[in-house]
Amino acid sequence: MTATLDGSNTAAHASKAAVTLSGVTKAFGAGNRRVLAIDGIDLEVPTGSFTCIVGASGCGKSTLLSLVAGLEQPTSGALSVEGKTALMFQESALFSWLTLQGNVELAIKLRGGTSKADRAAEARAMLELVHLGDFARHRPHEVSGGMRQRAALARALAQQPEVLLMDEPFGALDAITRDLLHEELEQLWSSRGTTVLFVTHNVREAVRLGDRVVVLSSRPGRVVESIDVPIPRPRRIESSAVADLAAHVADRLREEVSRHGR
Ligand SMILES: Nc1ncnc2c1ncn2[C@@H]1O[C@H](COP(=O)(O)OP(=O)(O)OP(=O)(O)O)[C@@H](O)[C@H]1O
Ligand SMILES: [Mg+2]
């Protein structure tokens, strides 16, 4: 897909944007059942960056990811995505009748161009990468929630996306498991150069992970602020630098929510 922009996306930019939204609006339904989910979003996501998106429940975060993933079409505006996307959902959404290995192999098969033996070896390597080598033959209900999210991450990576879209992937996990997954995700991101668009309710998680945090307004979602995160990596979610910036992000969100009387 390509989009024409207002001239800001020129050769003067050091890196090309992996994802560009220009005045993107999405409405669902018609007549008096029409819901405006997002309204005129402008967003440029540089290639290889880690962008976190925060916003109140129902402000259109999942809608935004669905648009970038191509699962929904914008009602108006222009959207451009460079390369393949993979979407990781809040629930792991693994196939319950397949083993973890089977789930990852299926993603590789759908990607195409690999033999059965190569798929098996690659799936195994992906599971090792997320520390699930010993659980390859287990089915999703036989492993913990954190392990299922790891397997979902392996499945998303197996699609070899240029842009990884993550919709509150760690929301249901305990703090320790989530911290570990943050470290693993950060390492995979920095070693692979994948562009990540990460949606979360959790402002600390957003500041812990992101190069920047984009704050959306309450529905309909609009970008109210894009906050750069200058804290050096590796970061700790408990650090005072993360807590201080997260407090600023939370204040912005609170202002937005109170503006809408919720
Ligand atoms: N397929 C759909 N059909 C109709 N309305 C929809 C559809 N998908 C989303 N919506 C509406 O669009 C709005 C935004 O929904 P969305 O799921 O994007 O919010 P969200 O920010 O992801 O919320 P949460 O934080 O609770 O996950 C909501 O009012 C929702 O009801
Ligand atoms: Mg959502």
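Atoms within each ligand, like the ligands themselves, are counted from 1 in listed order. Along the sequence shown, residues are numbered consecutively beginning with 1.
- For ligand 1, the protein residues within 4.0 angstrom (heavy atoms only) are Phe28, Val35, Ala37, Ala56, Ser57, Gly58, Cys59, Gly60, Lys61, Ser62, Thr63, Glu168, His201, Arg219.
- Aromatic ring orientation, Phe198 versus His182: perpendicular (interplanar angle above 60°, classes split at 30° and 60°).
- Residues satisfying the side-chain hydrogen bond (donor to acceptor under 3.5 Å, both in side chains) test with Arg233, not counting sequence neighbours, are Glu186, Asp211.
- Take the Mg ion (ligand 2) and draw a sphere of radius 2.8 Å; the protein N/O/S atoms inside it number 1.
- Pairs engaging residues 131-156 under the side chain to side chain donor-acceptor pair (under 3.5 Å) rule: Arg150-Glu184 [sequence neighbours left out].
- A side-chain contact (heavy atoms from CB on, under 4.5 Å) with Val45 is found for one member of Val196, Val163, Val19 and no other, namely Val19.
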Test salt bridge (charged side-chain N to carboxylate O under 4.0 Å, His left out) on Glu255 and Arg252; report intermediate values, then the result. CA-CA 5 Å; Glu255 273 172 42; Arg252 289 298 283 123; 2.6 Å; yes
List the steps, then state whether side-chain contact (heavy atoms from CB on, under 4.5 Å) holds for Val213 with Asp228. CA-CA 6 Å; Val213 179; Asp228 288 331; over 6 Å; no
Test log, rule salt bridge (charged side-chain N to carboxylate O under 4.0 Å, His left out), inputs Glu128 and Arg124: CA-CA 6 Å; Glu128 301 274 355; Arg124 182 79 200 181; 3.5 Å; yes
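- At least one side-chain heavy atom of Val54 sits under 4.5 Å from a side-chain heavy atom of Val249.
- By the 4.5 Å heavy-atom criterion applied to side chains, Arg208 and Asn202 are not counted as neighbours.
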